[in-house]
Amino acid sequence: MTIVSPHLGNSAEWTDARLLYALEEVVETELNRHLKVAKDWMPHEYVPWSDGRNFPGVFEDGEAWAKDQSKVTEIGRIALVVNLLTEDNLPSYHHEIASLFGRDGAWGTWVHRWTAEEGRHGIVMRDYLLASRAVDPDKLEEFRMAHMSEGFESDNRHSMLHSVAYVAFQELATRVSHRNTGHQSGDPVCDRMLARIATDENLHMVFYRNLLKAAFELAPDLTMQAVRDVVVHFRMPGHGMPGFERAAAQMAIGEVYNLRIHHDDVIQPVLRYLKIMEIDGLGPEGQAAQEELGLYMGGLDAEASKFDEKLAARKARMAARAAG
C-alpha cells in the first residue's frame with residue numbers, strides 16, 4: 001500500500017504557531033474521543049492500606065524498613081523506583097507541554113486533563129510502595145529530592161512537531177515499562193496497580209499518535225524529519241535521575257525494558273500503525289529522513305539481536321550454575 005501525502009504549502013511556512021492552529025480541530029476531536037473512552041479511577045482503591053505501619057520518626061512505635069519486608073522482587077524494586085521518579089517530574093512535564101501547546105482552547109484543555117490523569121500515577125505508586133514497604137522509603141525520598149531538584153528539560157522543546165512525535169513514542173514506552181514491571185514484580189497487587197496505570201498511558205499514546213498522523217497530512221516532510229530525529233536520539237524522560245544508567249542496565253537484563261522491547265514493542269508499532277515507511281510524495285528532505293529512519297531501524301534490530309544473544313547466554317550460565 002502506498003500513501004501519498006499532498007504538500008500543503010512550503011515547509012518553511014509551517015511555524016509552530018501555524019501548526020498549533022491547524023491541528024486545533026484534530027486536538028478537539030481527539031480530546032472528545034479520549035474523554036468518552038477514559039474511565040475515572042480512584043488511586044486509593046489500589047493500595048493495600050492494611051499492610052501499612054508506622055516508620056521511625058515522630059511515632060514511637062515506628063518500625064525501620066528492611067528488605068525482607070518487601071513482597072516485590074529485586075528487579076521489581078529497581079523498576080518501581082525508576083518508574084515512580086519518572087512520574088514525579090510531572091510539574092516539569094506540565095511546564096514543558098503548557099509552554100509548547102498553550103493553555104487555551106482544546107490544546108489547553110488537553111494539557112490540563114493529561115496532567116490531572118498523570119498525577120494519579122505518582123499518587124498510587126508512592127502510596128503502594130510505602131504501605132507495602134516495597135522499597136526503602138528514605139532512599140526513595142532522597143532520590144526524589146535529587147531528581148526533582150534538577151528539573152527536566154525536554155530534548156525536543158525547540159519544536160512542537162518534535163514534541164508531538166516524542167510523546168507518541170514515549171507514552172507507549174512508559175506503558176510498556178509499567179506493564180512489564182508489574183509482570184516482573186512478583187506481587188499481584190503491584191501488577192494490578194501498574195496495569196491500571198498502563199491503561200492510561202496507552203490512551204495518552206493513542207491521542208498523540210493520532211495527532212502525529214494528522215501532522216503527516218499537513219506537513220509530511222517536516223513531520224518525517226521530526227520522527228527521524230526523535231527515534232534516532234530517543235531517551236526516556238528519567239535519564240537524568242540518580243543511578244539511571246545502572247538501573248536501566250538491570251531493567252534490560254530483567255526484561256522490563258531493553259533494546260528488543262524498545263524496537264518491537266515501542267518504535268515499530270507506532271511506525272507500522274502510521275505506515276510511515278510507506279508514505280510517498282515526500283520532498284528531498286523528507287525522503288532522506290525516511291531513508292535514514294529505515295536504516296536506523298535495521299541497525300536497531302541488529303543491536304537488539306546481539307542483546308538477545310547475550311541475554312540468552314547469561315540465562316544459560318545461570319541455569320547451569322543452579323543445576324550444578
Side-chain angles (χ1 to χ4, degrees), residues 1-14 16 18-19 22-23 26-27 29-30 33 154-156 158-177 179-180 201-237 252 257-309:
M1 178 180 180
T2 300
I3 302 171
V4 179
S5 295
H7 292 264
L8 304 182
N10 189 283
S11 292
E13 298 174 5
W14 281 115
D16 275 5
R18 282 197 66 200
L19 282 165
L23 289 168
V26 179
V27 172
T29 298
E30 288 303 312
R33 179 199 55 75
S154 170
D155 294 333
N156 303 288
H158 63 286
S159 159
M160 189 277 284
L161 267 182
H162 282 73
S163 296
V164 169
Y166 175 74
V167 288
F169 294 101
Q170 182 268 321
E171 292 282 4
L172 183 52
T174 306
R175 172 198 176 275
V176 168
S177 182
R179 201 69 193 95
N180 288 343
E201 303 289 11
N202 196 64
L203 290 177
H204 297 164
M205 178 276 294
V206 170
F207 178 94
Y208 287 118
R209 184 192 65 189
N210 292 350
L211 197 56
L212 189 59
K213 180 179 181 181
F216 266 112
E217 295 171 359
L218 286 172
D221 287 318
L222 286 177
T223 307
M224 185 66 74
Q225 292 172 72
V227 170
R228 182 269 318 277
D229 293 344
V230 163
V231 170
V232 170
H233 302 292
F234 185 88
R235 296 195 296 176
M236 291 294 273
Y257 200 96
N258 56 39
L259 283 176
R260 175 52 62 200
I261 292 169
H262 182 65
H263 177 277
D264 290 0
D265 299 338
V266 176
I267 304 299
Q268 279 285 30
V270 176
L271 296 181
R272 187 166 52 244
Y273 179 87
L274 297 177
K275 298 181 172 62
I276 286 177
M277 302 310 299
E278 300 172 34
I279 293 176
D280 201 358
L282 295 165
E285 292 182 339
Q287 188 174 357
Q290 186 183 47
E291 292 171 356
E292 185 179 344
L293 184 59
L295 289 172
Y296 176 81
M297 290 303 295
L300 181 62
D301 185 43
E303 288 297 312
S305 294
K306 292 179 183 177
F307 176 82
D308 290 342
E309 293 173 2

Inset, instruction - Mind checking side-chain hydrogen bond (donor to acceptor under 3.5 Å, both in side chains) for Thr29 and listing every partner two or more places apart, or none if nothing turns up? - result: none
Inset, instruction - With rounding to the nearest 0.5 Å, note down the distance linking CD in Gln225 to CD in Glu292. - result: 10.0 Å
Legend entry - Note, Gln268 side chain near His263 side chain (heavy atom, < 4.5 Å): yes
Inset, instruction - Could you name each residue pair satisfying salt bridge (charged side-chain N to carboxylate O under 4.0 Å, His left out) that touches residues 164-175, not counting sequence neighbours? - result: none
Inset, instruction - Please examine the side chains of Leu271 and Leu293, heavy atoms only from C-beta on, and report whether any two atoms are closer than 4.5 Å. - result: yes
Inset, instruction - Would you give the length of the straight line joining atom CZ of Phe216 to atom NZ of Lys275, rounded to the nearest 0.5 angstrom? - result: 13.0 Å
Legend entry - Test item: Leu212 and Val227 side chains (from C-beta on) under 4.5 Å apart, heavy atoms: yes
Inset, instruction - Mind checking the CG-CD1 spacing from Asn180 to Ile261? Nearest 0.5 Å is all I need. - result: 5.0 Å
Legend entry - Contact check, side chains of Tyr166 and Pro237, non-hydrogen atoms, under 4.5 Å: yes
Legend entry - Under-4.0 Å salt bridge between Lys306 and Glu309: no
Inset, instruction - Carefully, step by step, assess Leu300 and His262 under the rule side chain to side chain contact (heavy atoms under 4.5 Å, CB included). - result: CA-CA 9 Å; Leu300 181 62; His262 182 65; 4.0 Å; yes
Legend entry - Under 3.5 Å: donor-acceptor pair, side chain of Arg18, backbone of Glu13: yes
Inset, instruction - Let me see the working for Arg228 and Gln290 under side chain to side chain contact (heavy atoms under 4.5 Å, CB included), right down to the final yes or no. - result: CA-CA 7 Å; Arg228 182 269 318 277; Gln290 186 183 47; over 6 Å; no
Inset, instruction - Grab the two heavy atoms, one from Val270 and one from Ala168, that are nearest each other, plus how far apart they are. - result: CG2-O, 4.0 Å
Legend entry - Asn202 side, atom CG; Met205 side, atom CE - distance, nearest 0.5 Å: 4.0 Å
Inset, instruction - Check whether any side-chain heavy atom of Leu172 lies under 4.5 Å from a side-chain heavy atom of Arg209, and answer yes or no. - result: no
Inset, instruction - Identify the heavy atoms of Gln287 and Leu282 that sit nearest to each other, and give their distance. - result: N-CB, 3.8 Å
Inset, instruction - Specify the closest pair of heavy atoms between Ala219 and Leu19, including all atoms of both residues, with the distance to one decimal. - result: CB-CD2, 4.4 Å
Inset, instruction - Of all the heavy-atom pairs spanning Phe307 and Ala252, show the shortest one and how long it is. - result: CZ-O, 3.5 Å
Legend entry - Atom pair CG/OG of Asp155 and Ser163 - distance to nearest 0.5 Å: 10.0 Å
Inset, instruction - For Asn210, check side-chain hydrogen bond (donor to acceptor under 3.5 Å, both in side chains) against everything at least two apart and list the hits. - result: Glu30
Legend entry - Set of side-chain contact (heavy atoms from CB on, under 4.5 Å) partners for Ala173, sequence neighbours left out: Phe234, Met236, Tyr257, Val266
Legend entry - Residue list, side-chain hydrogen bond (donor to acceptor under 3.5 Å, both in side chains) with Asp16, at least two apart or on another chain: none
Inset, instruction - Go through the structure and list residues passing side-chain hydrogen bond (donor to acceptor under 3.5 Å, both in side chains) with Asn156, not counting sequence neighbours. - result: none
Inset, instruction - Please round to the nearest 0.5 Å and tell me the distance separating atom CG of Asp264 and atom CG of Asp301. - result: 7.0 Å
Inset, instruction - Decide yes or no for Met160 and Leu23: does some side-chain heavy atom of the first lie under 4.5 Å from some side-chain heavy atom of the second? - result: yes
